[in-house]
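Convention: sequence-line order gives letters A, B, ...; per-chain numbering from 1.
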Amino acid sequence: MKVLFVDHIFHRRTRSADFFVAMLQGFFDVTVLYVDPVKAEHSDLTAIGRQFDAVVLWQMDYLAPVVLAQGLPTIVVPMFDGSSQMPDLHWLWARGARFISFSRRLHHHLSRLGMESLLLRYFKPPVKEQARARFDDGLRVLLWQRRPEEGVNLRAIESLFGSQLRSVHIHDAPDDAKLDTRPYLERSLAGYELTTSSWFDTRDGFEQLLDSHNVLMAPRRAEGIGMVMLEALSRGMLVAAADAPTHDEYICNWVNGILFNPVAVGHAEVHDPAAIGEMAWRGAIEGYDAWRAAEPRIVDWIRGARRPARRDGLDLTALQLAVSRAHRRGGDAYRRFLRDRAPLIGEMTGLDLAGTLNKAGFYNPERPRLAADGRLLDGPVPEWLAQNRLSAADLIAGRYVTQGLVRAAPQGAAQIDGDGVELAFCVDPRLGTAEMLRLTVAPGGDCAVSLNGRRLAGRRNGERLEFTLPVGLLRIDNRLTLRSAGAASDRRRGSRVTIRQLELAAS
Amino acid sequence: MNRRILETATPPSASTVRRRAATARTAAAERLFVCDPVCAQAFGHNVVALKYFGKAFAGSFDEVVLLCSRHLDKTVVQANGFTAFFEFYYRRFMPLKGLPDTPPEAGVEAPVSGDRMEAVATEDARRLLDRYGMTAADTILFPSVDFYGALGLLNALAERPAERRPFLFFRFIGVMETATHLWRDPLSELLARLTEAMSAGMRMSFSAETPKLADAMALRLQTPVAATSYPSILEQLPLPDDRAFTVYCPGSARHDKGFMDLLDIFRRVRMADPEIGVRFCSQVLTDRDAAPLQNYISQLYALPGVELLPPMISEAEMLRRYRQCSAVLMPYALDVYEYRGSAVMMEAAFFGRPCITLAGTAFAEQVAFYGLGLVVPHVTDIPHAILQLAATPRLTLQARATQGRHRLMADTVGSYESWLGERR
């Protein structure tokens, strides 16, 4: 089986996809094509249909429609760091492909969108026990300084470890070669040895650094896989990493590593770094075994990718050019590009996208559709109210909100302006029969509430507004409207009510 | 009539079974209709339970008919010998894929109660009684009674003379008895309807999944309620003899099954067991429920020695996991399970796996009484209990499991014999 492996040109230098290519080469006839996103239109992917049996797109997810349109079985391997912010239309356009996710969170998102995704976790081969990192002479920290501007820098190391530091080595090789890194190399603490290096000619140089340190500061805020982190885990080093994927999918805080917030780095008093290092190493042993055991599943996953219908009559060259340029321009431009092509995406994927997309390109096929009387039209039901409660955070996040706008207010509250909001939600009767709707509002606030088209009479009890529910009014699926009931003078300047919690209660 | 209703620890010989069956049969064929209108999903415990009940009573009646929702996957219906029959009354809070767009109550004239779904269930029950030409010689069993299923049946029977009313067995499990929003107090309504039906001369008998629920229902109904746990058709599985001690959280992951406690439990064990001698395995929340809990789930996923399974797994996969595990963890919510039993607990007992659970649930009383595992007062005591079990010799665990299973099965067989004997 001939497989074309399409990869980002950056990986030609970092070699971070080599482990996967090597694995594939054990089962397939693999051709590797590096694509420079800056010049993506020059790597012609429009005439590969006859040459290959399948295509693997490694981190080049946006090219999936070009490949799928040629009727080629396609496997997309997106990376969290590059693609986690992509609008749903980006994924939906690749609906005919199979996905391999190295991030659990990305896998979850793809699964929710109805994509076929195989979740994998890669580990490096662990070192022998006697070669594990040792912690008997203090903390010797290594940082490959790739994105110091993101908060992963010497200052963060000093904040985290303070007087526990014996030495710090900064491998000063930023992703942005033009970045002036001098400000990030200024120390604010004395009492430890500080050394630096820059790009090595061979990989051995960095490996020697890993061998001579026992703490690794993971170099970026978020990762696609996190190869440097995996190197350190396999050596039994103590890894400190920003609390974001994929770090938090490998490191359970304070068990086999330490997670920190790069925006506000706190202090980590590490009493037993050797125990954390040992757990990292044992976890790597287990993880590596699991990775090896997963190889047959990966091969089956690729072999089992369906051949999509060929799209004749589509100008693939124009499509590749357009999608590459839009992607290169970044978030908003790419979103607009996708939104403008929603009809084409719907046609290519067989999805009925009408009414399912919001302005940001996010897809919600379960968006409830309500009739004038408030009863749900036939079709999918709205979201379930968790434990019969709705928090301000839910409101702010737009959860359950079908109309209107909710703004964040101080102390985590949700602010609703004079126009009010409409919510749709389901209530599970097995949690008990609700007889009362309680709203906790900010002092002075008042709120008019209608449930399923009927205005509820309320009474105030301190910060609580309590509304008795007439028998039979609350259904499984419900529509609730909340509106400020402030004084006339308030309304003139735009009345508002600030809500902290909404709760359905027995009495 | 001396009936063997369930299998026992020492199954009777084939000739004994034939002799008993011959003695038991009367001139009229005795038919049992096991009804579960909620059995509409291939996953979860309804299919398994209906299958278990069917097999458990197969030797005790001339004919056993297993009736499920007509929306259950056809391949599952065929594979298990079910009859797809009932409309699904609970679609608004149990989202099922592939349901027709028009809800079953649409266009139905509202009955006096104003509850259209009651009318749908009543029409279902009429069809059931007519289709099988049911008489007083027949028996209907609801192994996990649901609100509309029961109301519909009582309504339909009220329209018929006594000689065309089968004997009714209702088994409470404390789940779907209250599954409606149209009644202020659904359980009181259901119990009132049952009491009225008894007063009107309908023959029926009750049981509940746990002794605690049975006692509570008996007080409400003012009639004895038997305690019948899950019937078993499961063989005891030998404990695995590999080095790792695997703790399994069977069944779908849910908040009321303590999913949010797992990280703390697993983590404490991991800190006390750095060599990863104890492993954990659990399904994750459904994609929808998991959406706001990504950080938490990632931390579970990152913990060495933890394997997370998809939100739904097949029955074969679940059996494989039971086979591989050494103990079953059930940190279930005390309020939700105050009266409820647990199919997982019963499966674990029959497979011969010790449970670890919290005091205060109804099924924890059974765990303690039969010696089916460890009951601890608080969730923070669970890690110690896990380590304690992991340190117990396999032979001791095996012997305890066998003894607990033996006592439980003997009582289960006896309780079903006694309960179903009430129709005589």
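Neither the backbone nor the side chain of E307(B) comes within contact range of chain A; no heavy atoms are under 4.5 Å apart. Using a 4.5 Å cut-off between heavy atoms, R279(B) contacts chain A through its side chain alone, with no backbone atom that close. For D289(B), no part lies near chain A; criterion is any non-hydrogen pair under 4.5 Å. Heavy atoms of N256(A) lying under 4.5 Å from chain B belong exclusively to its side chain. When heavy atoms are compared at a cutoff of 4.5 Å, I285(A) does not approach chain B at all. Both the backbone and the side chain of R270(B) have a heavy atom closer than 4.5 Å to some heavy atom of chain A. Neither the backbone nor the side chain of P310(B) has a heavy atom closer than 4.5 Å to any heavy atom of chain A.
Here H108(A) is the residue among R282(A), E249(A), H108(A), R399(A) with the most heavy-atom pairs under 4.5 Å with chain B.
Shown here is F135(A), whose CZ atom has more than 12 heavy atoms of other residues, nucleotides or ligands within 6.0 Å. With a 6.0 Å radius and a threshold of 12 heavy atoms from other residues, nucleotides or ligands, R323(B) has its CZ atom at or below the threshold.
In this structure, M271(B) and M279(A) have side chains that are not in contact, with every pair of non-hydrogen atoms separated by 4.5 Å or more. Using a 4.5 Å cut-off on side-chain heavy atoms (C-beta onward), L300(B) and R104(A) make no contact.
Proximity to chain B at a heavy-atom threshold of 4.5 Å picks out L119(A), L120(A), R121(A) from residues 116-123 of chain A, in numerical order.
Although no hydrogens or angles enter the test, the distance criterion places a donor-acceptor pair under 3.5 Å between the side chain of Q299(B) and the main chain of N253(A).
P304(B) and G283(A) get closest at one heavy-atom pair: CB-CA, 4.0 Å. A pairwise comparison of heavy atoms in A302(B) and C252(A) identifies CB-N, 3.7 Å as the closest pair. In this structure, V306(B) and E286(A) approach most closely via the heavy-atom pair N-OE2, 4.4 Å.
Between the CG atom in L303(B) and the CD1 atom in I251(A) there is a gap of 12.5 Å [rounded to 0.5 Å]. Note that the OH atom of Y301(B) and the NE2 atom of H107(A) stand 8.0 Å from one another [nearest 0.5 Å].
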